[in-house]
Amino acid sequence: MDPVLNPYVPGAGRRPAALVGRDDVIGVWDVMLRRAERGTTDQPLVLYGLRGVGKTVLLTRLRHDADKREWITVQVEAGTSRGLREIVGEGLYGPLSDLARPAAGTRLLRALKTALSFKASYDQTGSWSFGIDLSGQSGGGADSGVLETDLKKILKDVSLAAAEEGGGLALLIDEAQDLSAEDLTTVAAVSHAAAQDDWPVLFALAGLPSLPQTLSEARSYSERFRFVKVERLDPDGAAAALADPAKAEGVTWDDDALSHVVDRSGRYPYFIQQFGQEAWDAASDRRIDRRAAELGVASGLTQLDNGFFRARWDRTTQAEKRYLRAMCPEGEDGIGSGEVASRLDRTIQSQSGVRNSLIRKGIVYAPDHGVIAFTVPGMAGFISRQHGE
Ligand SMILES: Nc1ncnc2c1ncn2[C@@H]1O[C@H](COP(=O)(O)OP(=O)(O)OP(=O)(O)O)[C@@H](O)[C@H]1O
Ligand SMILES: [Mg+2]
């Protein structure tokens with residue numbers, strides 16, 4: 001069928017035509033926004049789950065919901081090269097410059113001046129200008145060099161400025177497992193201060209299944225977070241993620257075609273989008289039948305092998321590849337790192353460097369002490385399809 005009308009969108013962070021199965025989280029966030037607007041600030045939301053399960057698109061949806069309520073929103077991605085100070089600083093620039101105008105209220109002008117000082121705290125060379133003269137304004141002082149102090153200052157000033165307009169400040173941090181322990185502890189401390197003093201600042205973090213444990217190991221008072229596991233879709237949700245976008249284009253799925261794709265996707269959103277896209281392309285006459293579904297799964301699998309899986313595999317060294325092979329097939333659910341080492345005829349200690357490097361690359365995580373598992377669903381099957389690499 002016409003590929004121009006194909007409604008399926010496999011790809012990291014790509015907004016699906018139908019975002020299904022996430023009403024609970026969306027509802028929780030909505031309550032958080034409304035409570036903050038009334039003066040009660042809740043603890044950060046932490047979304048965690050496997051690769052491709054839909055964390056980023058959910059986080060983006062939460063941001064849009066805050067945008068709709070006229071909040072100042074900042075959505076950023078943590079990385080190993082930049083710290084919290086810089087990603088928050090850079091993330092704030094766009095939204096603040098959109099609001100900057102000479103006739104702005106005093107709280108906003110104050111927040112802009114504080115933002116300039118925050119920027120100066122990590123970047124002496126670059127300078128921001130919001131195009132207005134802030135010299136006579138109060139504010140500033142977010143450049144003590146102590147991250148927690150500076151972050152509290154900037155978030156307080158920006159959120160109180162947002163409150164003047166009836167909203168608040170939402171800070172959404174993706175790939176949060178890549179934040180350092182110090183940065184995670186700071187998020188806990190700052191959000192706690194916001195809740196105590198009721199500045200309307202809401203945090204939502206998203207990351208790999210290791211995130212809850214990383215937060216508790218960072219001595220960041222994990223009881224101060226609200227954890228939500230983002231799961232693969234339930235059977236009805238998976239069917240709806242396929243059938244609803246087609247229906248909107250006047251296309252129907254045969255029942256046996258639908259159940260084939262739901263089944264073979266393992267109900268993982270990324271795979272649903274990939275198989276759906278290929279099945280659509282293989283179908284004709286506004287109807288996706290079993291044959292198109294089977295072709296779609298087969299070519300979708302090739303696409304996944306060449307993209308979703310290979311992108312991770314190609315980032316590993318030979319030693320890491322050997323380690324990943326030794327984790328199969330149990331690594332889908334988790335396998336003892338002692339068992340992996342013994343399959344490699346090595347000691348656990350000698351393998352800890354490889355293991356840690358795979359964790360840093362976000363390919364595996366430790367679901368429990370001494371246990372290791374793939375963050376990527378279906379990784380064991382992919383590895384078994386790779387020969388001689
Ligand atoms: N609830 C959903 N319903 C339908 N499709 C979804 C849903 N959530 C995500 N998807 C689709 O799944 C794919 C992966 O989504 P996303 O990038 O948000 O996953 P992720 O959990 O952030 O993955 P990663 O850990 O690799 O960053 C995208 O193609 C997206 O359109
Ligand atoms: Mg993501």
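Worth knowing before you read on, the calculation uses all heavy atoms, side chains too, and leaves out hydrogens, waters and symmetry mates. Since we're looking at a predicted model, the values are computed, not measured. In listed order, ligands and their atoms are each counted from 1.
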- Neighbouring protein N, O or S atoms of the Mg ion (ligand 2) [cut-off: under 2.8 Å, no waters]: T56 OG1
- Task: List the closest protein heavy-atom neighbour of atom 11 (C) of ligand 1: residue, atom name, distance to the nearest 0.1 Å.
- Result: Q273 CG, 3.6 Å
- Message: What protein heavy atom lies closest to atom 13 (C) of ligand 1? Include the residue and the distance to one decimal.
- Response: Y270 CA, 3.7 Å
- Message: Is it the case that ligand 1 has an N or O less than 3.5 angstrom from some N or O of V20?
- Response: yes
- Message: Starting from atom 31 (O) of ligand 1, what is the nearest protein heavy atom, named by residue and atom, and what distance separates them?
- Response: R14 O, 2.5 Å
- Report yes or no: does D42 contribute a side-chain atom to a donor-acceptor pair with the main-chain N or O of M32 at less than 3.5 Å? no
- Shortest protein contact, atom 28 (C) of ligand 1 (heavy atom only): G11 O, 3.2 Å
- Message: Closer than 4.0 Å to some heavy atom of V9 - which atoms of ligand 1 meet that?
- Response: 28 (C), 29 (O), 31 (O)
- Task: Quick one: sort the F227 and F225 rings into parallel, tilted or perpendicular, breaks at 30° and 60°.
- Result: tilted
- Give the residue, atom name and distance (to 0.1 Å) of the protein heavy atom nearest atom 15 (O) of ligand 1. G54 CA, 3.7 Å
- For ligand 1, is there an atom lying under 4.0 Å from some heavy atom of G49? no
- Query: Would you say V57 has any N or O atom under 3.5 Å from an N or O of ligand 1, going by distance alone?
  - Reply: yes
- Message: If we only consider heavy atoms of Q274, is any one of them less than 4.0 Å away from an atom in ligand 1?
- Response: no
- Any non-hydrogen atom of G237 lying under 4.0 Å from ligand 1? no
- Is there any N or O on G13 that sits under 3.5 Å from an N or O of ligand 1? yes
- Note on the structure: Taking only non-hydrogen atoms of R22 and a 4.0 Å limit, the atoms of ligand 1 in range are 1 (N)
- Query: Considering only the protein, which heavy-atom contact is closest to atom 22 (O) of ligand 1, and what is its distance?
  - Reply: T56 OG1, 2.8 Å
- Distance to 0.1 Å, residue and atom name: give those for the protein heavy atom nearest to atom 23 (O) of ligand 1. G52 N, 2.8 Å
